[in-house]
There are 2 protein chains.
Amino acid sequence: MKASDTLKQLPHKTIERLSQYRRALLICLDNKKDHIFSHEIAKIQHITPVQVRRDLMLIGYSGTLRKGYNIQELIDLISDIIDSNRGINVAIIGMGNLGRALLNYFSGKRHKLSIVASFDINPDKIGKSVNKIPCYNITEMEKVIKRENIEIGIITVPASQSMITAKQLVDSGIKGILNYTPKPVEVPEGVYLEEYDMITTLEKVSFYVKMENERAADHVIQRKNQGTVASDF
Amino acid sequence: MKASDTLKQLPHKTIERLSQYRRALLICLDNKKDHIFSHEIAKIQHITPVQVRRDLMLIGYSGTLRKGYNIQELIDLISDIIDSNRGINVAIIGMGNLGRALLNYFSGKRHKLSIVASFDINPDKIGKSVNKIPCYNITEMEKVIKRENIEIGIITVPASQSMITAKQLVDSGIKGILNYTPKPVEVPEGVYLEEYDMITTLEKVSFYVKMENERAADHVIQRKNQGTVASDF
DNA sequence: GATTAATTGTTAAATTTATAACAATGCAAA
DNA sequence: TTTGCATTGTTATAAATTTAACAATTAATC
Ligand SMILES: NC(=O)c1ccc[n+]([C@@H]2O[C@H](COP(=O)([O-])OP(=O)(O)OC[C@H]3O[C@@H](n4cnc5c(N)ncnc54)[C@H](O)[C@@H]3O)[C@@H](O)[C@H]2O)c1
Ligand SMILES: NC(=O)c1ccc[n+]([C@@H]2O[C@H](COP(=O)([O-])OP(=O)(O)OC[C@H]3O[C@@H](n4cnc5c(N)ncnc54)[C@H](O)[C@@H]3O)[C@@H](O)[C@H]2O)c1
């Protein structure tokens, strides 16, 4: 089996963590350190050192005993794995609050991942540039996506428009979609789809905060009961 | 074991899906339908009907055979589980591009989850309101958080400031943190933490697009080879 | 030089999560 | 009425993911 075949079978979770490791390592590079231990990476990511070592084992990287992992080497290897050689172009569809924020944020963050276009339906936005990235009319999507070789689309249109936008992207030959609207879309086999709804995450936090509150309340009751029982003796 | 104990043990993934089910059901309510099948929910969420039924089993909800699940009932039950009775107040720290976008977006979306304050360090932002939510000076954090009974903080300050912000939140008695900066923070036991980096998700999409490209390229090579072999006959 | 401590790499086990299998039910159509 | 069929609810199985266990190695220390 070729090395590239092994990589194809990397667990999804490992892919996510590799991206996170690289992000953390890039920050560490600044701190004049050149090596890092598995437990240091683990601490940053709130996971166990074993998890880190296992992930690195899966990508075939070996550290130095008692010195840890060479930060630059590891960054390079992770980049080899998750980045595309020739780079990948990205477009944002919907230049509203979130679209503009993302465009500003992503610009220049990654070498191999460039946002090169945005699209909107509103004449006020079309033709203007945000962060040097032009905003095209949505009607030109297919033309621009083909011309600029755009492979990934980030959807930030109003939720009601998410489906139609996804369809337009697929019809334009997009390979991957990242949908930030709270309305799930459908894509055919072969188009990779990732959806994320911020409210879900906030509700999850809310749920566990609620649980912790109730647990704490229970303990108070328990303590009170214990107190009563104890005083009975 | 009490019913509430069962709920405490709901898988994390189930919690996330419950939030997503409710979101989808709320949309369905508009469409004059009053019942929904497990396979319909499943289709929307890109999962299997079994998964849906299993989740609903875990929360003890029963549908009607051949009619499916009562949408309103299910919404109410999910709300009972994930919402806090008395509601939970939320603050956003860092009124920049993302913070403003989130504030606009979240406002009024959920009954039991209210953003009631924002904080910033920049005098230009302090004292102004976005969407009727006041922006306070970061120095007033503890006072405001206690006064307004804020339990969750959403961090959208520059990455370099994430740690100090998290510490300030913890010191102010916050119960849950949602960190949207790419720099992980540390919190003590008892504070629930959720972190999300949008670049990680984009890089994941990018990785699988790359993989699909390579797979497609491999197939072309295989077809070519096969073709050559065939023409040898 | 031997000993100790720290760290990696890897296999094995446990846990969590998802899928499959299938009985039970009740509506609809024959 | 009866048969067929779609659907639920649940237990059993499988797959994915995490954690544990531990041998191997090296550097520092005694
Ligand atoms: N703002 C946030 O923080 C936030 C957070 C999570 C999710 N979201 C989701 O992201 C989406 C955008 O949110 P927003 O706050 O930026 O909204 P917005 O209204 O500010 O922006 C939407 C933009 O999409 C454009 N648009 C509308 N229809 C279009 C179409 N058919 N094709 C192309 N462009 C179109 C509009 O002209 C507008 O510029 C929404 O679905 C929202 O639910 C936003
Ligand atoms: N913009 C995006 O789409 C996006 C996406 C993902 C992640 N992020 C992350 O979110 C964070 C904010 O991004 P942004 O684009 O809104 O940046 P921004 O610069 O527009 O906003 C940051 C805000 O935080 C305020 N601030 C700075 N230091 C502070 C402190 N110590 N306490 C309180 N407030 C402080 C600033 O005054 C500013 O208003 C960054 O960490 C960024 O990496 C942004």
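Values reported hereafter were calculated over all heavy atoms of this structure, with side chains retained and with hydrogens, waters and symmetry mates removed. In the text below, chain A, chain B and the rest are named by the order of the sequence lines, each starting its count at 1.
Asn70(A) places its CG atom 17 Å from the P atom of dT7(C), with the value rounded to the nearest Å. In this entry the distance linking NE2 of His12(A) with C1' of dT17(C) reads 14 Å, nearest Å. To the nearest angstrom, P of dT18(D) lies 14 Å from CG of Leu56(A). What separates NZ of Lys67(A) from C1' of dA28(D) is a distance of 15 Å, to the nearest Å. One atom, NE2 of His39(A), and another, P of dG9(C), lie 14 Å apart when rounded to the nearest Å. In this entry the distance linking CD1 of Ile41(A) with P of dT8(C) reads 9 Å, nearest Å. For the pair Lys13(B) NZ and dT18(D) C1', the interatomic distance rounds to 12 Å; values are reported in whole Å. In this structure, the CD atom of Gln51(A) is 16 Å from the C1' atom of dT8(C), given to the nearest Å.
Place Asp55(B) and Pro49(A) on DNA chain C by their nearest nucleotides, and Pro49(A) ends up nearer the 5' end. Mapped onto DNA chain D by nearest heavy atom, Thr64(A) and Arg17(A) fall at different nucleotides, with Arg17(A) at the one closer to the 5' end.
With hydrogens and angles left out, the side chain of Arg53(B) and the base of dT10(D) share no donor-acceptor pair within 3.5 Å. Between the side chain of Arg66(A) and the base of dT8(C), no donor-acceptor pair under 3.5 Å is found.
Classification of the His12(A)-Tyr192(A) ring pair by plane angle, with boundaries at 30° and 60°, yields tilted.
When distances run from any side-chain atom of Pro11(B) to the nucleotides dT10(C), dT17(D), dT17(C), the shortest one goes to dT17(C). Taking only side-chain atoms of Ser62(A), from C-beta outward, the nucleotide of dG9(C), dA21(D), dT18(D) with the closest atom is dG9(C). Of the listed nucleotides (dT19(C), dT25(D), dT25(C)), dT25(D) has the atom at the smallest distance from the side chain of Leu65(A). In the set dA18(C), dT18(D), dT7(D), the nucleotide with an atom closest to the side chain of Arg54(A) is dT18(D). Of all nucleotides listed (dA18(C), dT11(D), dT17(C)), dT11(D) comes nearest to the side chain of Met57(B). Nearest nucleotide to the side chain of Phe37(B), out of dT7(D), dT11(C), dA21(D): dT7(D). In the set dT17(C), dA21(D), dA21(C), the nucleotide with an atom closest to the side chain of Val50(A) is dA21(D).
Side-chain atoms of Tyr105(A) and Asn97(B) form no donor-acceptor pair, as typed in the model, at a separation below 3.5 Å.
Glu195(A) places a side-chain N or O within 3.5 Å of a backbone atom of Val185(A) that can act as its donor or acceptor partner.
The 12-atom threshold is exceeded at NZ of Lys33(A), counting heavy atoms of other residues, nucleotides or ligands nearer than 6.0 Å.
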Subject >> Leu202(A) vs Phe106(B), side-chain contact (heavy atoms from CB on, under 4.5 Å): CA-CA, chis, key distance, verdict >> reply: CA-CA 10 Å; Leu202(A) 183 56; Phe106(B) 281 150; 3.9 Å; yes
